[in-house]
Amino acid sequence: MTHEQVIATLKTIADTGKPAGISKEDLQSLRGYNLIAPAEDEKTKAPGFALTKKGRVMLKANSK
């Protein structure tokens, strides 16, 4: 994934909690870099993802 794709994916996950349009390999890569972590939606109990502190910092630093 390119840097721009990573930032776009982080923004999507931050907004929706779901990784839309991302392959399993890329998802594992983001988890490997500790940018995202598995999370569960409190309302629907559906599995999803949330940004870790490192992911939030990276998204904020690259959002303009």
Side-chain angles (χ1 to χ4, degrees):
M1 291 180 77
T2 65
H3 182 72
E4 291 80 19
Q5 291 172 327
V6 170
I7 298 304
T9 303
L10 289 177
K11 184 172 181 169
T12 302
I13 292 173
D15 292 341
T16 64
K18 305 276 183 196
I22 185 171
S23 69
K24 290 186 183 226
E25 293 84 19
D26 291 339
L27 191 61
Q28 289 298 327
S29 174
L30 291 176
R31 287 182 71 185
Y33 289 121
N34 295 325
L35 297 175
I36 60 172
E40 188 175 274
D41 187 16
E42 294 93 22
K43 294 179 183 176
T44 62
K45 302 291 184 194
F49 290 94
L51 297 181
T52 61
K53 183 177 181 180
K54 185 176 178 181
R56 287 190 306 266
V57 168
M58 184 174 181
L59 180 61
K60 186 174 181 179
N62 290 290
S63 296
K64 294 179 183 176

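Remember, it's a predicted structure, so these values are computed and weren't measured experimentally.
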Quick one: does [X]'s side chain get under 4.5 Å of [Y]'s, heavy atoms only?
X   : Y   : result
K11 : L59 : yes
P38 : R31 : yes
H3  : N62 : yes
L35 : L51 : no

Have a look at I36 and tell me which of T52, L27, T9 forms a side chain to side chain contact (heavy atoms under 4.5 Å, CB included) with it.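 In the set T52, L27, T9, the residue that makes a side chain to side chain contact (heavy atoms under 4.5 Å, CB included) with I36 is L27.
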Does the side chain of D26 pick up a donor-acceptor pair with the side chain of S29 at under 3.5 Å?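 Checked: D26/S29 side chains show no N/O donor-acceptor pair below 3.5 Å.
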Donor-acceptor pair, K54 side chain versus Y33 backbone, under 3.5 Å?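 Judged by distance alone, yes, a pair lies under 3.5 Å.
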In chain order, what residues pass the side-chain contact (heavy atoms from CB on, under 4.5 Å) check against Q5, with sequence neighbours excluded?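 Q5: side-chain contact (heavy atoms from CB on, under 4.5 Å) contacts with M1, T2.
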Sequence neighbours excluded, which residues qualify as side-chain contact (heavy atoms from CB on, under 4.5 Å) partners of K60?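 K60 satisfies side-chain contact (heavy atoms from CB on, under 4.5 Å) with no other residue.
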side-chain hydrogen bond (donor to acceptor under 3.5 Å, both in side chains) involving N34 - partner list, sequence neighbours excluded: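 N34 satisfies side-chain hydrogen bond (donor to acceptor under 3.5 Å, both in side chains) with no other residue.
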Does the side-chain contact (heavy atoms from CB on, under 4.5 Å) test come out yes or no for M58 and V6, once each step is laid out? CA-CA 10 Å; M58 184 174 181; V6 170; 4.0 Å; yes
